[in-house]
Number of protein chains: 2
Amino acid sequence: MDFFEQVGKKALGSRLRRLSESITEEAGEIYRLYDIGLQPKWFPVFYVLSQSQEKAITTIAEEIGHSHPSVSKLVTEMSRNGLVIEKKDRSDGRRNVISLSKKGREVAVKIEPLYIDVNNAIEQALAQTRNDLWKAIDEWEFLLKQKSLLRRVEEQNKQREAQYVTIIDYTPKYRKLFKQLNEEWITKYFKMEEADHKALDHPQKNIIDKGGYIFIALYKDEPLGVCALMKMNDPYYDFELAKMAVSPKAQGKNIGWLLGQAAINRAKTLGAKNIYLESNTILKPAINLYHKLGFKKVAGHPTPYERSNIQMELILQL
Amino acid sequence: MDFFEQVGKKALGSRLRRLSESITEEAGEIYRLYDIGLQPKWFPVFYVLSQSQEKAITTIAEEIGHSHPSVSKLVTEMSRNGLVIEKKDRSDGRRNVISLSKKGREVAVKIEPLYIDVNNAIEQALAQTRNDLWKAIDEWEFLLKQKSLLRRVEEQNKQREAQYVTIIDYTPKYRKLFKQLNEEWITKYFKMEEADHKALDHPQKNIIDKGGYIFIALYKDEPLGVCALMKMNDPYYDFELAKMAVSPKAQGKNIGWLLGQAAINRAKTLGAKNIYLESNTILKPAINLYHKLGFKKVAGHPTPYERSNIQMELILQL
DNA sequence: ATTATTTATGTAACTGGTTACGTAAATATA
DNA sequence: TATATTTACGTAACCAGTTACATAAATAAT
C-alpha cells in the first residue's frame, strides 16, 4: 500500500514535497525538450530579470523568496554562462546590480513558447480535477498566514488534554499538595512570606472558613494543579484569585486556564462583581494567563506581599 | 506583488515546494513542542518500523520512497540515538534488519497524541477550504501517472506549432526543395537509387502526371517538409506514400504527421481504398509516425528499392 | 562446481538549497 | 566629525536528500 495513504494527513508536508519534486524533475526535461540553455534552478532569477531592467542581489532574493547567498551563487553561475551581466552600482558601492545580457534576452524570447505550453498544460490538467490544486495552495497559504500549523496543533493539543482534566473542590486530603505545589514555585523565584504560611498551612481555617474556595485540578485522576479564590473584606472586590500553582510536569496542558475558569465561574455563580489578584511581572506565563482570563492591570492597592509588583482585576458586572 | 502570482501556473512546482517547506519547517517545531526525541527527517523510517516488527534497509526505502543510501544514513543516526536496533539477517548475510529498540517503542507510544493532534489540525484546516488540498494532490498524482507533465507539454507544443504549419500542393518552384530534402536523409542513411533519381529529378513527369500528388509543408511560410502520394498500378493499392522528408531544423514540430494526414485525406477524397508504403526499420521515428498515422505492417511485396526492409499499408475502406 | 548476474548495503561525492559569519559601504547617532 | 548601526553581499560550512560506485552475499546459468 502507498505509504502516504497509510500515514494519513499528518504527512501532508512530505506528500507535497513528493509531488513538487516529481513536477520539478519533469521541468528539467521540459527545458531540455525546448533546447533552451537554461537550468531549471536558474528560472526564478531569470524570470524576475526578464521582467525588469536590472536588480540587485538582495532585491531578487526577496522577490523570489530565496536566501541572498542562493541568489548570489545562481547569479555567478548564470554570469559564467553569459546569461547575465553583473555590475557595481555607481551610487552604492555595496550593490551588485544584475541584468540580462544580450544572450539572456535572446533566451527570454526563445523561452516564451515554453511558458505558453507549460501554462496551458497545467491549466488543462487543473481543469480535469475536481479540487483545484492551485486554488487549494492559495487557500492553505492564507490559512497558515492567519494561524500557523503549530498553533493549530497546539489548540488541538489543549482541547484533547482538557478532556483529561477535572476541576474539583478542595477536601482536607489535598492540604499537603496545596502547600507543596505553591511552595515549589514561590521558593523558586521568591521566598515564603508570612501570608503564605498562613494560607498554605491552614487553608481550611484561613481560606475556606472565611468564605473562600480552593480548586484542585486532576489530570487523569492525579492532582497536579491548585488555585484559591479568597474572600476579600473590600467594598469593591469580592474575591482574590490567589495561590495558583501547577506542577511543572503538567505545564502546557492548559491546567492554569481551567483552574482560573473554574474560579471565575464560581465567583459568577455567587453573584460576585469583581475579582482581584496580585502577581509579579517576572512570572510571564502567569501574567499572560491572567490576561487571557480577562484580567486587566490596576494600580495602587495595598498588599501584604513583598513579591507583588502588579495588581489586576476582573470586572464581572458593571 | 507575490512572485508566484506574477509567474503564474508554470511555477506550480516551486510553489508546491514553498508550501511543503513551510509545513515541514513547522513540523520541526511541533516535534519540539511535544518533546519527543525524534528528528522530523527520521519520521518516515520511524513510522514504518513502528507499524511492523522489523524491516531491511531497501524494503524501508521502497516503502517510504527514499533512496536506500538515505535510509542507510537515517538508520545509522537513529541507531546512534538508541531508537532502533540493527542486526544482520541470519539467513541472508547481506541484509541489515532494523527494528525499533525499547526506547523506540516508548517513543512510538509517546508520539501517538502528536499524530492525533496533527491529523486533527490538518483535517480541520482542510475542512475550511473550498478546494481540498489532500484530494487535489490525489488527483494530480493520478493525472501525472496517466500522462506525464512532459507529455502534456509536448502535446501543447505540437498543437501550437501546428498553427504555423500549412500544407500546400506542389508547384514547380518547389522542385529543387523536393529533391534536396529527400537527398539529405537518403544519403545520410543509404545511397541514392535509380528510382530516387527518377522521382526526385522529374517529379512533374514521374509523379504528378501519373496521377500522383506532392505536398509541401510551410512552417511560418518557409517550406520545410515534403511528401508524395504516388499512383500505383496495383489492383489493391491505389497510392504509395513516399518521399517523405522534413528539414532537420523543423523536426519535432509534428510536420511529418501533418504531411501524412494531408496525403491520407487526399487519398480518401479521391475514394482510394488502400495506401502502401516502404521504409527501413532503422528509421525509427518514421516507422513510429507511420504507425501513428494508422499504417500496419504487411509482408511480401516486390520493391524496386534496395533500402526497403519493411512494407506497410493503410486500409481506408473495407 | 564454476562463473556470471543480481541484490543488499555502505561510502563518497554531488546538489540545491540553507544558516553563520565576515567585510565593506552607507546611514544614523552622538 | 567620529562612532555605532544597518545593509549588501560574498564565502564557508552545513543539511537532507540524491546519484555513482564498490563490495559482498545470494542466486542463476553454464
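Values below: every heavy atom of this structure, side chains too, minus hydrogens, waters and symmetry copies. Residue numbering restarts at 1 for every chain, and letters A, B, ... go by the order of the sequence lines. Bear in mind the structure is a predicted one, so any value in this text is a computation, not a measurement.
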How many angstroms lie between [atom1] in [X] and [atom2] in [Y], if you round to the nearest 0.5 Å?
{"X": "Met78(A)", "Y": "Phe46(A)", "atom1": "CE", "atom2": "CZ", "answer": "6.5 Å"}
{"X": "Phe4(A)", "Y": "Ser14(A)", "atom1": "CZ", "atom2": "OG", "answer": "5.0 Å"}
{"X": "Ile36(A)", "Y": "Leu114(A)", "atom1": "CD1", "atom2": "CG", "answer": "4.5 Å"}
{"X": "Asp117(A)", "Y": "Ile30(A)", "atom1": "CG", "atom2": "CD1", "answer": "9.5 Å"}

Ionic contact status for Glu21(B) with Arg17(A), cut-off 4.0 Å: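 No.
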Audit row: Ser101(A), Val84(A), side chain to side chain contact (heavy atoms under 4.5 Å, CB included) steps and yes/no: CA-CA 5 Å; Ser101(A) 67; Val84(A) 299; 5.8 Å; no
Lys9(B), NZ: over 12 other non-hydrogen atoms inside 6.0 angstrom: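 Counting neighbours around NZ of Lys9(B), more than 12 heavy atoms of other residues, nucleotides or ligands fall under 6.0 Å, so yes.
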Heavy atoms of other groups near Trp185(B) CH2, more than 12 under 6.0 Å: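 Yes, because the 6.0 Å sphere around CH2 of Trp185(B) holds more than 12 heavy atoms from other groups.
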Please tabulate, for side-chain N and O atoms in residues 283-291 of chain A, each donor-acceptor pair with protein atoms closer than 3.5 Å (sequence neighbours left out).
none

Strand contacts (DNA chain C) in residues 66-92 of chain A, 4.0 angstrom heavy-atom criterion: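 Residues of residues 66-92 of chain A under 4.0 Å from DNA chain C: His66(A), Ser67(A), Pro69(A), Ser70(A), Lys73(A), Ser91(A), Asp92(A).
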Any residue of [range] with a heavy atom less than 4.0 Å from an atom of DNA chain D:
{"range": "residues 93-100 of chain B", "result": "Gly93(B), Arg94(B)"}
{"range": "residues 24-49 of chain B", "result": "Lys41(B)"}
{"range": "residues 10-23 of chain B", "result": "none"}

Test salt bridge (charged side-chain N to carboxylate O under 4.0 Å, His left out) applied to Glu29(B) - qualifying residues, sequence neighbours left out: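 Once residues adjacent in sequence are excluded, Glu29(B) has no partner under the salt bridge (charged side-chain N to carboxylate O under 4.0 Å, His left out) criterion.
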Quick one: side chains of residues 139-146 of chain B, donor-acceptor pairs under 3.5 Å with protein atoms, not counting sequence neighbours, listed by atom name and distance.
residue   : atom : partner   : partner atom : Å
Glu139(B) : OE1  : Arg130(A) : N            : 3.2
Glu139(B) : OE1  : Asn131(A) : N            : 2.8
Glu139(B) : OE2  : Arg130(A) : N            : 2.8
Glu141(B) : OE1  : Arg15(A)  : NH2          : 3.2
Glu141(B) : OE1  : Arg18(A)  : NH2          : 3.1
Glu141(B) : OE2  : Arg18(A)  : NE           : 3.4
Glu141(B) : OE2  : Arg18(A)  : NH2          : 3.2

Contact interval (first through last nucleotide) of DNA chain C with protein chain A, 4.0 Å heavy-atom: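 The footprint of chain A covers dG16(C) to dA26(C).
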Pairs where residues 102-111 of chain B contributes a residue and the test side chain to side chain donor-acceptor pair (under 3.5 Å) is met, not counting sequence neighbours: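 As it turns out, the side chain to side chain donor-acceptor pair (under 3.5 Å) pairs with a partner in residues 102-111 of chain B, which skip direct neighbours, are Lys102(B)-Glu106(B).
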Contacts of type side-chain contact (heavy atoms from CB on, under 4.5 Å), residue Glu155(A), not counting sequence neighbours: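 Glu155(A) satisfies side-chain contact (heavy atoms from CB on, under 4.5 Å) with Lys147(A), Arg151(A) once adjacent residues are dropped.
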Residues that Tyr219(B) engages under side chain to side chain donor-acceptor pair (under 3.5 Å), provided they are two or more places apart: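 By the side chain to side chain donor-acceptor pair (under 3.5 Å) rule, Tyr219(B) matches Glu161(B).
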ring-ring contact (aromatic ring centres under 6.0 Å, His included) partners of Tyr47(B), counting only residues at least two apart: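 Partners of Tyr47(B) under the ring-ring contact (aromatic ring centres under 6.0 Å, His included) test: Phe43(B), Tyr115(B).
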